[in-house]
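Below: one structure, written as structure tokens.
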Amino acid sequence: QVQLVESGGGLVQAGGSLSLSCAASGRTFRSGSMAWFRQAPGKQREFVAAINWRSGGATYYADSVKGRFTVSGGNAKNALDLQMSSLKPEDTAVYYCAADGQIIQSSLRRPEAYAYWGQGTQVTVSS
């Protein structure tokens, strides 16, 4: 059974930093991707960042977080971190870790492409 467990959310003031971690158990994703998505109240789940192990560990970011967030993964291809800095109130959301063992580059920004999801962790940025 595959499980993804996120940790590291919390409350931070605007301009501050937070780190999120995701640990996968049950398998690795050497030929796929791991990603972060987020969902704010009343909004659709949106892509934040991803690593595509199939393409050698290439990283991808949403335009809204580029330059502020950094995604990284462990060598075992079953862990994912997200370093968030210069946080803004609009970054407030539940952040979800996602993973899939067979995903192509053109699909990695789509939540429906991922088979496995964590339970989510709340990030709240106060103004």
Side-chain angles (χ1 to χ4, degrees):
Q1 183 179 1
V2 177
Q3 286 189 318
L4 303 181
V5 179
E6 303 102 334
S7 61
L11 173 65
V12 65
Q13 287 190 329
S17 300
L18 272 179
S19 296
L20 304 182
S21 295
C22 173
S25 59
R27 66 165 292 173
T28 62
F29 299 93
R30 298 177 184 275
S31 298
S33 289
M34 294 185 72
W36 290 99
F37 288 79
R38 67 187 182 186
Q39 188 166 18
K43 295 188 177 181
Q44 291 187 333
R45 192 167 297 190
E46 65 173 1
F47 172 78
V48 175
I51 287 183
N52 185 233
W53 302 123
R54 178 188 290 266
S55 60
T59 57
Y60 304 84
Y61 296 93
D63 288 343
S64 59
V65 307
K66 201 172 295 183
R68 300 188 298 121
F69 291 10
T70 301
V71 66
S72 60
N75 291 331
K77 313 295 191 292
N78 62 352
L80 192 70
D81 294 327
L82 186 69
Q83 308 289 332
M84 304 182 292
S85 61
S86 302
L87 283 161
K88 305 175 182 180
E90 51 263 44
D91 294 318
T92 295
V94 177
Y95 283 69
Y96 295 92
C97 177
D100 196 275
Q102 296 287 337
I103 195 166
I104 59 176
Q105 182 179 341
S106 60
S107 297
L108 57 79
R109 296 173 186 264
R110 296 165 48 200
E112 61 268 26
Y114 292 82
Y116 305 105
W117 290 86
Q119 80 287 351
T121 186
Q122 178 71 45
V123 171
T124 302
V125 184
S126 63
S127 56

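In terms of modelled atom types and a separation under 3.5 Å, the side chain of Tyr114 and the main chain of Ile103 share no donor-acceptor contact. Between the side chain of Arg54 and the main chain of Ile104, no donor-acceptor pair closer than 3.5 Å is present. Between the side chain of Thr124 and the main chain of Thr92, no donor-acceptor pair closer than 3.5 Å is present.
In this model, no donor atom of one side chain and acceptor atom of the other lie less than 3.5 Å apart for Thr28 and Asn78. Ser126 and Gln13 share no donor-acceptor pair across their side chains, judged by distance under 3.5 Å alone.
A distance of 7.5 Å separates OH of Tyr60 from OG of Ser33, quoted to the nearest 0.5 Å.
Taking the centre of each ring, Trp36 and Phe47 stay at or above the 6.0 Å mark.
Contact check for Arg38 versus Ser64: side-chain heavy atoms found under the 4.5 Å cut-off. Using a 4.5 Å heavy-atom cutoff, the side chains of Leu18 and Leu87 are in contact.
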Practice prompt. Using the side chain to side chain contact (heavy atoms under 4.5 Å, CB included) rule, take Phe29 and Ile51 through it: C-alpha gap first, then chi angles, then the decisive distance, then the call.
Written response: CA-CA 10 Å; Phe29 299 93; Ile51 287 183; over 6 Å; no
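Listed by first and then second residue, the salt bridge (Lys or Arg N to Asp or Glu O under 4.0 Å) pairs that reach into residues 92-110 are Arg110-Glu112, sequence neighbours excluded.
Note on Asp63 versus Lys66: salt bridge recorded, some NZ/NE/NH1/NH2 to OD/OE distance being below 4.0 Å.
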